[in-house]
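Structure first, commentary second.
These values consider heavy atoms only, across backbone and side chains, with no hydrogens, waters or symmetry-generated copies.
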Amino acid sequence: MSAPVITSTLHRRIGDWFDVHGRALPWRDPECGPWGILVSEVMLQQTPVVRVLPVWTAWMERWPTPRDLASESPAEVIRAWGRLGYPRRALRLQAAAARIAGAHGNEVPDTAAELLALPGVGTYTAAAVASFAFGRPEVVVDTNIRRAHARMVSGRALPEKSLTAAEMALARDLMPEDPLEACRWNASVMELGALVCTARAPRCGQCPVAEVCAWREAGMPAPHYTPTGQAWAGTDRQVRGAIMALLRDSGQVALREITERTTAAGALGAHRPDPAQFERCVAGLVADGLASRDDEGPEPLLSLPG
DNA sequence: AAGCCGGGGAG
DNA sequence: CTCCCAGGCTT
């Protein structure tokens with residue numbers, strides 16, 4: 001599958017490009033420890049770099065070690081997560097911090113297998129932290145790398161809809177043998193996908209491997225399928241997000257006022273959820289630990305947990 | 001394998 | 001307006 005001559009060319013060209021054009025992100029700073037890298041990877045799950053940057057900086061200043069985060073109240077953690085989205089990630093990160101503080105002596109574990117056992121850490125994040133924080137030659141495959149591989153090697157516009165065993169095998173074949181080079185390769189291809197080999201309008205004029213790109217060689221054929229985007233307007237995700245925005249802002253709201261206040265805030269656009277949807281979303285948020293319901297007082301209240 | 005889970009900026 | 005972003009978890 002992999003021709004050694006070709007892969008070494010890719011390694012050299014993309015690696016050299018990265019040394020010049022790679023962004024100086026704070027979690028790439030040599031002084032950023034494993035904890036900062038883990039925090040960044042969780043925040044970056046489905047969230048663009050530019051939005052993570054300010055939240056990560058404040059987060060690390062406030063909770064410089066796992067134990068610091070573990071001892072914080074969930075309400076503060078959720079507030080600090082802000083508008084990054086998927087706030088369950090914040091709770092999982094805190095749960096991971098608690099396990100690190102308790103079972104790992106407050107030190108982020110240095111193997112992919114141990115990392116994978118942490119809440120909120122899947123295949124990608126475990127490999128990324130092991131590689132970027134500890135120099136382990138794990139096969140890192142994210143959406144950027146998948147797209148870059150699909151184009152420059154497989155000659156397709158997009159990777160498969162979901163990560164396949166063939167993609168993982170290809171990624172493994174493309175890895176440099178030297179561990180240090182393998183880690184640099186992981187970061188380089190990811191950055192290439194983020195800055196040059198982008199989903200929408202790839203900047204092939206700036207690409208260090210445009211001359212050997214299989215996709216360009218094939219005439220840049222269109223995707224072999226049409227991506228189906230996730231619905232948003234009117235979904236539970238939108239309603240849940242509107243309720244969480246309300247809780248972050250006010251800390252506590254009367255259940256009776258949620259409909260009016262989310263609507264008034266304009267968070268739902270033209271959507272007018274029925275009472276059943278609000279009830280379902282509130283119950284879901286409580287079940288997820290993102291909100292707590294108090295039925296003790298004169299009227300039911302919803303608040304941030306703990 | 002498929003569905004669920006936020007939010008916002010770019011095109 | 002649609003699309004996409006350093007995915008993970010549940011069923």
Side-chain angles (χ1 to χ4, degrees), chain A residues 22-23 25-28 36-56 78 81-93 95-96 115-133 138-148 157-165 171 183 186-195 197-203 223 226-248 262 265-270 280-281 284-285 287-290:
Chain A
R23 292 167 292 183
L25 302 172
W27 44 86
R28 286 180 179 157
I37 292 174
L38 174 60
V39 171
S40 79
E41 291 299 343
V42 174
M43 288 184 173
L44 286 163
Q45 291 166 2
Q46 297 289 284
T47 308
V49 167
V50 287
R51 289 175 53 199
V52 166
L53 276 169
V55 179
W56 181 90
I78 292 167
W81 194 259
R83 299 181 157 276
L84 286 183
Y86 296 136
R88 293 187 296 183
R89 289 183 293 165
L91 297 182
R92 291 182 185 136
L93 181 56
L115 288 160
L116 191 55
L118 298 172
V121 176
T123 307
Y124 161 75
T125 302
V129 173
S131 180
F132 301 148
E138 298 290 337
V139 181
V140 177
V141 179
D142 78 322
T143 186
N144 290 310
I145 293 176
R146 293 182 64 209
R147 185 176 55 251
L158 295 176
E160 301 301 327
K161 291 182 181 179
S162 57
L163 181 58
T164 64
C183 294
N186 285 332
S188 302
V189 180
M190 195 179 305
E191 191 76 334
L192 186 71
L195 299 183
C197 198
T198 55
R200 288 284 184 82
R203 301 165 173 83
T226 54
T228 59
Q230 294 176 324
W232 170 245
T235 62
D236 284 6
R237 278 162 62 220
Q238 187 188 28
V239 174
R240 284 168 58 111
I243 296 172
M244 288 308 297
L246 204 57
L247 290 180
R248 286 195 303 269
T262 51
L268 297 178
R280 182 171 68 244
C281 290
L285 292 172
D288 289 342
L290 288 166

Using OP1 and OP2 only, check whether a side-chain N or O of T143(A) sits under 4.0 Å from dC5(C). yes
dA6(C) to dG11(B) separation - P atoms, rounded to the nearest Å: 14 Å
Over all atoms of both residues, closest heavy-atom pair of L115(A) and A130(A): CD1-N, 3.7 Å
Touch check for R146(A), heavy atoms < 4.0 angstrom, all strands: base, sugar-phosphate only, or nothing? nothing
For the C1' atoms, the ones on dC9(C) and on dG8(B), what distance do you get once it is rounded to whole angstrom? 24 Å
Separation of atom CG in L93(A) from atom P in dC9(C), rounded to whole Å: 12 Å
Hits for salt bridge (Lys or Arg N to Asp or Glu O under 4.0 Å) against R147(A), two or more places apart or cross-chain, chain-then-number order -> none
When you measure only distances, ignoring hydrogens and angles, does the side chain of R83(A) come within 3.5 Å of the base of dG8(B) through a donor and an acceptor? no
Would you please name every residue forming a salt bridge (Lys or Arg N to Asp or Glu O under 4.0 Å) with R83(A), sequence neighbours left out? none
Toward the 5' end of DNA chain B, which comes first, L163(A) or R200(A), by nearest nucleotide? L163(A)
C1' atoms of dC3(C) and dG6(B), separation to the nearest Å: 15 Å
Mind checking R280(A) for me? I need base, sugar-phosphate or nothing, with any heavy atom below 4.0 Å counting as a touch. nothing
Just call it for I37(A): base, sugar-phosphate, or nothing, with non-hydrogen atoms closer than 4.0 Å on any strand. nothing
Donor-acceptor contact present, side-chain T235(A) to main-chain W232(A), <3.5 Å: yes
Counting the atoms with a prime plus P, OP1 and OP2 as sugar-phosphate, which does Q230(A) contact under 4.0 Å by heavy atoms, base, sugar-phosphate, or nothing? base
Under 3.5 Å, is there any donor-acceptor pair linking the side chain of T47(A) to the base of dG6(B)? yes
I need the minimum non-hydrogen distance between Y124(A) and V140(A), along with the two atoms involved. CE1-CG1, 3.4 Å
From CZ of R89(A) across to P of dC4(B) the rounded distance in Å is 19 Å
When you measure from the side chain of R51(A), which nucleotide among dG7(B), dG7(C), dC5(B) comes out closest? dG7(B)
Toward the 5' end of DNA chain C, which comes first, V121(A) or A128(A), by nearest nucleotide? A128(A)
Output the rounded distance in Å from CD (E41(A)) to P (dG7(C)). 9 Å
Residue V49(A), side-chain heavy atoms: nucleotide from dG7(B), dA6(C), dC5(B) that is nearest: dA6(C)
At 4.0 Å (heavy atoms only), tell me whether T123(A) reaches a base, stays on the sugar-phosphate, or touches nothing. sugar-phosphate
Taking the nucleotide of DNA chain C with the nearest heavy atom to each, does Q46(A) or L158(A) sit closer to the 5' end? L158(A)
Expected output: side-chain R89(A) to main-chain G85(A) donor-acceptor under 3.5 Å: yes
So G85(A), base contact, sugar-phosphate only, or nothing? Heavy-atom distance under 4.0 Å. base
What integer distance in Å separates L290(A):CG from dG7(B):P? 10 Å
Under-4.0 Å side-chain N/O to phosphate OP1/OP2 contact, R240(A) with dG6(B): yes
Could you tell me the separation between the CZ atom of R88(A) and the P atom of dC4(B), rounded to a whole number of Å? 12 Å
L93(A) side chain reached by V39(A) side chain, heavy atoms, under 4.5 Å: yes
Between C1' on dG7(C) and CG on L118(A), what's the gap in Å once rounded to a whole number? 15 Å
Rounded interatomic separation in angstrom, taking CG from L84(A) and P from dG9(B): 12 Å
Give W81(A) one of three labels, base, sugar-phosphate or nothing, depending on what nucleic acid heavy atoms sit under 4.0 Å from its own. nothing
Donor-acceptor pair, R146(A) side chain versus E160(A) backbone, under 3.5 Å? yes
Enumerate the residues from residues 186-194 of chain A whose closest heavy atom to DNA chain C is under 4.0 Å, giving them by residue number; use none for an empty result. M190(A)
Please report, rounded to the nearest Å, how far the C1' atom of dT2(C) is from the CH2 atom of W232(A). 15 Å
Between atom CZ of R280(A) and atom CG of L285(A), what is the distance when rounded to the nearest 0.5 Å? 11.5 Å
Counting any heavy atom closer than 4.0 Å, what does T125(A) reach on the DNA or RNA strands: base, sugar-phosphate only, or nothing? sugar-phosphate
Using atom C1' in both nucleotides, what's the gap between dC5(B) and dC5(C) to the nearest angstrom? 14 Å
